[in-house]
Amino acid sequence: MLIRDETMGDIPAISRVVTEALLLLAQATGTEARIVEALRAEDALVLSLVAEEAGEVIGYLAASAARIGTQEGWGLIGPLAVLPSRHRQGIGTALMTEALRRLRATSRGVALVGDPAYYGRFGFRSFPGLGVVGCPPEVVQALPFDATEPRGELIHHRAFGLDQQD
Ligand SMILES: CC(C)(COP(=O)(O)OP(=O)(O)OC[C@H]1O[C@@H](n2cnc3c(N)ncnc32)[C@H](O)[C@@H]1OP(=O)(O)O)[C@@H](O)C(=O)NCCC(=O)NCCS
């Protein structure tokens, strides 16, 4: 398996993997592939990593710039998606490990919204005062790379359509 940056030719496969994987989530909106497209169209993908095996895209991770309260400089991971037939084979871990390695060089830390049972293993945790309006606080998690205490609302790029901008 190879973890690499997306190329133009990967775009249809990325949409397919994201749509198929996210369908498994109760809270999925069905718009996740379109969010990736909107981030790409706005040149807002800080990372767009694919997991490839035998020429096929089997996993995908996007990262974009985010703010927490007044703190700029955070990376936001999402969506992370692995083809359902390939779950629990280490593909998500490989994508996340590479994303954290790269984001460490450019961000003060990384944040995401997701299942703490999965993301805890990478060092993500919730913090008092860190949140997203409308989300249970435990699913909003961060992994600071320095002594920064993330506090405030996790502001996603507008491509996520969360109506958070001030
Ligand atoms: C979540 C997801 C990306 C994980 O990818 P994956 O390649 O299956 O994960 P890995 O094989 O790297 O799993 C690593 C470990 O996490 C565990 N794990 C996987 N999914 C998990 C989940 N949803 N909850 C808890 N643990 C999970 C695995 O059992 C494995 O544990 P082990 O090392 O003790 O065996 C993948 O299951 C997926 O695409 N799910 C649907 C979409 C989704 O939930 N995306 C994330 C939110 S945006």
Side-chain angles (χ1 to χ4, degrees), residues 1-6 10-40 44-68 74-104 107 109-127 130-143 150 153-164:
M1 186 198 15
L2 176 67
I3 306 293
R4 60 165 176 78
D5 292 306
E6 73 166 23
D10 296 322
I11 291 174
I14 289 171
S15 294
R16 208 160 47 238
V17 169
V18 170
T19 301
E20 282 188 31
L22 274 290
L23 274 177
L24 300 178
L25 279 185
Q27 67 271 33
T29 60
T31 59
E32 289 79 7
R34 259 175 286 158
I35 290 171
V36 175
E37 285 160 18
L39 286 167
R40 189 182 291 114
L45 286 169
V46 175
L47 287 181
S48 189
L49 296 178
V50 298
E52 179 199 316
E53 195 176 79
E56 189 195 1
V57 173
I58 54 177
Y60 178 71
L61 181 149
S64 49
R67 178 161 65 81
I68 296 181
W74 290 88
L76 185 141
I77 289 184
L80 167 63
V82 172
L83 213 56
S85 59
R86 304 300 303 270
H87 282 182
R88 305 204 170 212
Q89 296 174 18
I91 298 162
T93 298
L95 283 162
M96 180 63 86
T97 302
E98 178 62 7
L100 293 178
R101 190 185 72 77
R102 294 207 202 181
L103 290 168
R104 199 171 277 278
S107 313
V110 180
L112 51 75
V113 177
D115 183 353
Y118 182 65
Y119 292 108
R121 71 186 57 231
F122 302 108
F124 287 90
R125 65 178 180 91
S126 54
F127 288 83
L130 171 65
V132 171
V133 173
C135 288
E138 64 274 12
V139 304
V140 185
Q141 299 151 78
L143 173 53
E153 180 157 19
L154 171 59
I155 307 290
H156 294 57
H157 189 278
R158 62 179 170 271
F160 285 84
L162 295 183
D163 195 24
Q164 291 183 311

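Indexing begins at 1, ligand by ligand and atom by atom, following the structure's order.
- Nearest protein heavy-atom contact of atom 41 (C) of ligand 1 is Ala21 O, 3.3 Å.
- Annotation: side chain of Glu6 is in contact with side chain of Arg40 (closest heavy-atom distance under 4.5 Å).
- Inclusion of Gly92 in the set of residues having an N or O under 3.5 Å from an N or O of ligand 1 is warranted.
- Between the side chain of Glu52 and the backbone N or O of Arg4, no donor-acceptor pair lies under 3.5 Å.
- Within the structure, the closest approach of Ala81 to ligand 1 falls below 4.0 Å when heavy atoms are considered.
- Within the 4.0 Å heavy-atom cutoff, Gly90 counts among the residues contacting ligand 1.
- Shortest contact from atom 45 (N) of ligand 1 to any protein heavy atom: Leu80 O, 2.9 Å.
- Of the candidates Ile77, Val113, Thr93, it is Thr93 that places a heavy atom closest to atom 14 (C) of ligand 1.
- Note that CE of Met96 and CZ of Phe124 are 4.5 Å apart. Values are rounded to the nearest 0.5 Å.
- Looking at Leu112 against ligand 1, nothing comes within 4.0 Å, counting heavy atoms.
- Nearest-heavy-atom check against atom 9 (O) of ligand 1 across Tyr118, Tyr119, Phe122 picks out Tyr118.
- In summary, Arg101 and Glu98 engage in a salt bridge, as defined by a charged side-chain N under 4.0 Å from a carboxylate O.
- Here the straight-line distance linking atom CG of Leu39 with atom CG of Leu47 works out to 12.0 Å at 0.5 Å rounding.
- When Met96, His87, Gln89 are ranked by how near their heavy atoms come to atom 40 (N) of ligand 1, first place goes to His87.
- Of all the heavy atoms of Leu24, none lies under 4.0 Å from any atom of ligand 1, so neither backbone nor side chain is involved.
- Given atom 39 (O) of ligand 1, the protein heavy atom at minimum distance is Val82 N, 2.9 Å.
- Side-chain atoms of Gln141 come within 3.5 Å of backbone atoms of Val139 as a donor-acceptor pair (strictly under, hydrogens ignored).
- When heavy-atom distances to ligand 1 are checked against a 4.0 Å cut-off, Arg121 comes that close only through its side chain, counted from C-beta outward.
- Remark: ligand 1 and Leu25 share no N or O pair separated by less than 3.5 Å (distance only, no angle test).
- Proximity of Leu49 to Arg102: side-chain heavy atoms (C-beta onward) are separated by under 4.5 Å at one or more points.
- Not a single heavy atom of Tyr60 sits less than 4.0 Å from an atom of ligand 1.
- Side-chain contact between Leu100 and Arg104 is absent, with no heavy atoms from C-beta onward closer than 4.5 Å.
- Counting protein heavy atoms only, atom 23 (N) of ligand 1 is closest to Asp115 OD2, 4.0 Å.
- Taken from CH2 in Trp74 to CG in Leu143, the straight-line distance is 8.0 Å, to the nearest 0.5 Å.
- Taking the six-membered ring where the residue is Trp, His156 and Phe160 present perpendicular rings, their angle passing 60° and hence far from 30°.
- Residue Pro79 has no nitrogen or oxygen atom sitting less than 3.5 Å from a nitrogen or oxygen atom of ligand 1, judged on distance alone.
- Here the side chains of Val132 and Glu153 are in contact, with some heavy-atom distance below 4.5 Å.
- Nearest to atom 20 (N) of ligand 1 by heavy atom, out of Glu32, Arg86, Arg88, Glu20, is Arg88.
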